[in-house]
Every structure is written in structure tokens, then in C-alpha cells.
Amino acid sequence: MKTTMKTFLACLLVCAVFGGCVSIPNSETVSPRYFKSKIHGGPRSQMEQINFVKLRMDKPAEELLGPNDVLGIYIAGITGSLEDAPPIHNIGSSTERPASGYPYVVRSDGTLSLPMLPEPIYVEGMSLIQAEEAIRAAYTLKREIVRSDANISVSMIKPRTYHVTVIREDVTGTDMRSSNSNNSTNGRGSSYFAGIARGTATSLELPAYRNDVLEALSQTGGLPGLNAKNEVVILRKAYSDEFSNRDYGMDTGYAQSQVARRYNESGEITGLNSDLGILRIPLRVGPNDVPPQLTSEDVTLYDGDVVYIQSREAEVFYTGGLIKGGVYPIPRDYDLDVMGAIATAGGTVGASAGSHQSNVVGKVGSILPASRILVLREVDGRQYAIQIRQRDMLRDPSQRILIEPNDVILVEYTTFELWFNMLYNTINFTVRYSDFK
């Protein structure tokens, strides 16, 4: 019996030492000390938000008239009888100011066509007071149609609007915290991907002097969410039309088709010709980077412009080994090191002897926890296996490397830990009080 037990233990030791107990041999791994992070622009936690007020256009001291403004004009005896009071508009409206008079629209050439005047009145670029003075002069000085003290008033019924489209790929209905908690339960990250809505578009009619990026974002859910890139992309229709109309033998809509083609091929709109009128506004910059020098014209939106918030769903890391396989999002605005990544996936860091990890595959009785951590990372087409020992990671912060997109984290037993735990599960120790007498 003793010979059989000795033979079994010897075979067990040989299998543990020479049987390939680890996925990647130590000789094929690299140390985290000499593996510098490749995160572009520095760690995420060091990035600072820009002043969001810069996303709002500068309003002039006095709002000026333009095409498609709807004015309320009252000229006693011309647009209404002397006995009738002018009609009232926008009473009770929370967005429009009260106005009075009969509605007249500023035409596309910036003029007003009014009764009994042989030629229109040019009002584009004027204030309401200046437009009222121009109308009074046309009826009293130039033509003497009404008396100089006639009741004439001009007010704004409805300002002109700009049709803008906002395309957002943010997470809808599920935030990052709920995704992470669900992921740690099922180990697959299914809720993270289920919460992403691609291609959600909203059409807006932005009133004049509120037609800017900040207004467009505020009406469609606020600033980009955690699953969106830290930038806002503006596609200018005016530039696209200009580019399409050039004498290059190109059909109308060439710019739009180029945007669609590039996006379908790569999933992002990078590398496009500057003639296409694409403006990128970063929302966070590094501590040594110069903040974007935005002008009021940069953030002003016009008819046909598109505001695009792109998803960053590719920024994930994967887990495996003794932690259940899963996919988890990398935080957008702060750093996540390997210790935090293991905790996010439901693993236990720094487990003591005899304890178990809460999200371990195939739990068995063991006295030594798994302490070998591998981070598989691809750099310039080559895969590196970064080996980290748990005790070193707890003692030395330089061992806790930052997680980057598409990293794979594996938790394994070392050869000694595997051998010791197998021996522990094979031999039953019975200790009695009488043995110590």
C-alpha cells in the first residue's frame, strides 16, 4: 500500500512539473517593469475636460433679422382697421416671447413684402427697432401712405430655425455600473453590448442664436455618455455641397457617399478629405495638450449639418483562465489597472490561503490561491505575454500596469501551487488531540 502511494505521488509530481501546468512558459513572458503603456495621449485620469461653455455660440448684444423669421407687423389702417386691436401671439408659451401684429415672413432674399408698397423693404441684418423704423419711413416719408404718428409696431412671432441632425451611438437604457454588475454575474458582458444603440438619429429645429453644439447635445441627452468617444464630430453640409458642385465630374452628393463608404469600411470617419467639412472637437485633453481653440463660428450649426457622437464599444478587455471568460468595458475617464480589472471581472485580488475567488471556474478545495497573472497584449502586430505575480503586484505599484483596449487577462496557478493543491486534495490529514499528548 505504501509503495502504491509513493508511486502515485511521484507520478503526480512529474505531471505537475513537466506536464505543462501553465499556458505560456515563463521564458516566453515579459516583465511589466519594462513594458511601458501604449495609451496615446497619456493616462486617462490625467486628461481634463474642456470648458463646455466653448460649445455655445456667442450671442450678439442685439439679435438681428434674417430669412424665414416670422414677424408680427401692425400698421394702423393698412394691416388692420383703426378700430381693431392687433392680434396677440405666443401667450402662455414657455419658449417664445409674446408678440402682436399680423404675421409676415422675411423672404429668402432678406426682404419684406408689405401691402401698398411698390417695392419690398430690405430688413436682413436689422434689429426689430431698425426694421420698425424702416417700415415707418417707407409708409410716411417715401410714400406718405399713412400719417407720421400712425400706430406701427414690429415684433418677433417666431425666429428662423435651422434643421440639424444628431446621430448618437451612446448606451441607451443601461449605464456602465449596471453593465459591470451584470457582467460579473454572468461573466460574458452580454448586457454591455445589449445596451448599445447604433445609428440613433434625432432631427432638431434649432432657433436662431441657439443653433450651436451645446444646444443640440442638451436636446438629445446631454454630453456624450461613457460609451461614447471623448469628441464631437460635425459634418458640414455647406462644405459638402461646395465640394460636390466643383467641376470635377462628380455627381451631387459625392461628399455624403464618401462619408458613408469610409464609415462602412472602417467603422469610423477618419482620413477624410478636408474639403468634406469635418470638424472634430475633443472634449478631454491631456495636461500638456493645448485646448481646442474654438470660435463661435466653429460651434454654430446650420441647415443640413450633422452632429455625430461615435461609439467606443471596441474599448474592452477580456478575461479567462481561472476567472470566468467575459468582456468588460474600459472606463472612459479614469485609469483601470490590472488589479482593478480583475476586481471588475468578479475575481479576488490578494486572497489568503484557504480562500476562494468568487468568480472562479471549477472551484475545488485548495489551500493556495492562484497567483500567476498573464496580460496578453498586441503591439504593432506582435503579441506579448506580460507576467505578473500577485504578491509583487500588491507590493509594487509599478507591477500594476494599466489595461488597454483588447487586453486579455488570464489568472492561473503556478506549477508549485498546482502541485501543492493537488497533493492537498489527494491526501486527507486527520489530526487528533491525543496525538499531542
Side-chain angles (χ1 to χ4, degrees), residues 16-17 19-39 43-45 180 183-189 192 315-331 334-379 382-422 424:
V17 175
C21 301
V22 294
S23 59
I24 298 179
N26 293 337
S27 60
E28 299 180 12
T29 63
V30 296
S31 171
R33 289 180 179 271
Y34 308 102
F35 198 94
K36 295 184 178 180
S37 177
K38 299 296 182 181
I39 294 179
R44 299 168 189 255
S45 61
N180 284 342
N183 290 346
S184 62
T185 302
N186 58 34
R188 297 183 180 180
Y192 168 64
E315 294 187 357
V316 297
F317 69 92
Y318 305 87
T319 58
L322 292 177
I323 300 181
K324 287 183 180 181
V327 53
Y328 301 88
I330 296 178
Y334 61 90
D335 301 325
L336 182 70
D337 59 24
V338 63
M339 182 184 297
I342 293 175
T344 299
T348 301
V349 180
S352 59
S355 62
H356 298 286
Q357 292 181 337
S358 62
N359 200 20
V360 171
V361 177
K363 295 180 183 178
V364 294
S366 63
I367 194 170
L368 293 181
S371 65
R372 188 176 193 251
I373 301 171
L374 289 179
V375 178
L376 306 183
R377 178 174 298 173
E378 185 174 332
V379 179
R382 178 182 175 184
Q383 177 178 283
Y384 292 86
I386 309 170
Q387 180 178 213
I388 307 172
R389 294 295 299 271
Q390 189 174 110
R391 66 171 180 270
D392 297 333
M393 179 178 65
L394 294 174
R395 296 172 180 173
D396 186 1
S398 66
Q399 299 280 320
R400 301 194 287 268
I401 61 174
L402 300 182
I403 297 302
E404 296 183 6
N406 299 320
D407 279 354
V408 179
I409 303 175
L410 304 176
V411 178
E412 301 177 335
Y413 287 113
T414 64
T415 300
F416 175 77
E417 292 165 352
L418 183 60
W419 170 80
F420 191 92
N421 288 329
M422 292 176 65
Y424 170 77

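These numbers come from a predicted model, not from an experiment.
What you find for Ile330 and Pro405 is that their closest heavy atoms are CD1-N, 3.4 Å. Residues Ala385 and Leu376 approach most closely at CB-CD2, 3.8 Å, considering heavy atoms. Shortest non-hydrogen contact noted between Ser371 and Thr414 is OG-CG2, 3.9 Å. Tyr328 and Thr344 get closest at one heavy-atom pair: CE2-O, 4.1 Å. Across Ile386 and Ser31, no two heavy atoms sit closer than the pair CG2-C, 4.3 Å.
In this structure, the side chains of Val375 and Ile401 come closer than 4.5 Å at one or more pairs of heavy atoms. Leu374 is listed as a side-chain neighbour of Glu412, based on a closest heavy-atom distance under 4.5 Å. In this structure, Met339 and Leu394 have side chains that are in contact, with non-hydrogen atoms separated by less than 4.5 Å. With contacts defined as side-chain heavy-atom distances shorter than 4.5 Å, the pair Val411/Gln390 does not qualify.
Atom CG in Asp337 sits 7.5 Å away from atom CD1 in Ile403 (nearest 0.5 Å). Here Glu378 contributes atom CD and Glu404 contributes atom CD; the two are 12.0 Å apart, rounded to the nearest 0.5 Å. Once rounded to the nearest 0.5 Å, the distance linking CG of Leu336 with CD1 of Ile342 reads 10.0 Å.
Under the 3.5 Å distance criterion, the side-chain polar atoms of Arg400 are left unmatched by any main-chain donor or acceptor of Val338.
Residues forming a side-chain contact (heavy atoms from CB on, under 4.5 Å) with Glu28 (at least two apart in sequence, or on another chain): Ile24, Pro25. With sequence neighbours excluded, no residue forms a side chain to side chain donor-acceptor pair (under 3.5 Å) with Gln399. With sequence neighbours excluded, the residues forming a salt bridge (charged side-chain N to carboxylate O under 4.0 Å, His left out) with Asp407 are Arg377, listed by chain and number.
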